Amino acid sequence: MHRILFIIIILISETFAQVFTEYADSLMTVLPGTEDEERVVILKWLRWEIRMVHPQLSLYYAEEGIKLADDLNLDILKATLLHIMDVS
């Protein structure tokens with residue numbers, strides 16, 4: 001019984017991981033063509049989606065988003081990115 005439960009958990013985990021990876025891939029594809037506030041939003045979501053899989057890269061995206069949000073005076077987005085960095 002424990003073995004079946006373990007297999008089910010592994011299958012569900014892999015399915016969710018694949019969905020999140022596809023979403024992160026989509027965000028990375030869109031990122032180069034974005035500017036200003038749209039870019040900050042994409043960076044925010046990208047940072048959140050890859051934080052567990054690629055922590056260093058996610059920090060890079062967060063720092064880029066924070067700098068751009070600061071340059072554009074997007075205080076709420078900047079605060080959100082700082083919060084995301086703090087909780088992960």
Side-chain angles (χ1 to χ4, degrees):
M1 180 65 181
H2 285 57
R3 188 175 195 178
I4 292 172
L5 183 59
F6 179 73
I7 292 171
I8 290 171
I9 290 171
I10 294 296
L11 291 173
I12 290 172
S13 298
E14 288 180 9
T15 301
F16 281 117
Q18 183 177 3
V19 168
F20 288 124
T21 301
E22 289 173 5
Y23 183 60
D25 288 345
S26 296
L27 291 171
M28 283 191 227
T29 301
V30 171
L31 185 63
T34 60
E35 295 179 354
D36 300 333
E37 186 173 355
E38 181 183 22
R39 185 172 183 85
V40 176
V41 171
I42 298 293
L43 288 166
K44 176 186 74 153
W45 284 111
L46 191 54
R47 158 58 176 144
W48 183 256
E49 292 301 323
I50 67 171
R51 72 192 185 285
M52 298 295 195
V53 182
H54 301 289
Q56 294 298 342
L57 184 58
S58 71
L59 287 174
Y60 169 79
Y61 287 134
E63 290 169 358
E64 182 182 342
I66 290 167
K67 182 180 181 316
L68 184 56
D70 194 39
D71 292 346
L72 298 171
N73 296 318
L74 301 171
D75 296 333
I76 293 174
L77 282 172
K78 180 181 175 183
T80 303
L81 278 160
L82 288 167
H83 175 70
I84 290 170
M85 285 183 70
D86 187 44
V87 297
S88 34

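Fair warning: this is a prediction, and the values are worked out from it, not measured in the lab. Along the sequence shown, the residues carry numbers beginning at 1. Heavy-atom basis, side chains included; hydrogens, waters and symmetry copies ignored.
Taking CG of L46 as the reference point, atom OH of Y61 lies at 5.0 Å (rounded to 0.5 Å). Here the straight-line distance linking atom CG of L82 with atom CG of L77 works out to 11.0 Å at 0.5 Å rounding. Atom CG of L68 and atom NZ of K78 lie 11.5 Å apart (nearest 0.5 Å).
Partners of L59 under the side chain to side chain contact (heavy atoms under 4.5 Å, CB included) rule, at least two apart in sequence or in another chain, are R47, Q56, M85.
Checking each of D70, D75, L74 against L72 for a side chain to side chain contact (heavy atoms under 4.5 Å, CB included) leaves exactly one that passes, namely L74.
With contacts defined as side-chain heavy-atom distances shorter than 4.5 Å, the pair I84/T80 qualifies.
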Side-chain donor/acceptor pairs under 3.5 Å, residues 28-44, sequence neighbours excluded:
residue : atom : partner : partner atom : Å
T29     : OG1  : D25     : O            : 2.8
T34     : OG1  : L31     : O            : 2.7
R39     : NE   : E64     : OE2          : 3.0
R39     : NH1  : L31     : O            : 2.8
R39     : NH2  : E64     : OE2          : 2.8

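Nearest heavy-atom pair, A62 versus L81, reported as atom, atom and distance to 0.1 Å: CA-CD2, 4.2 Å.
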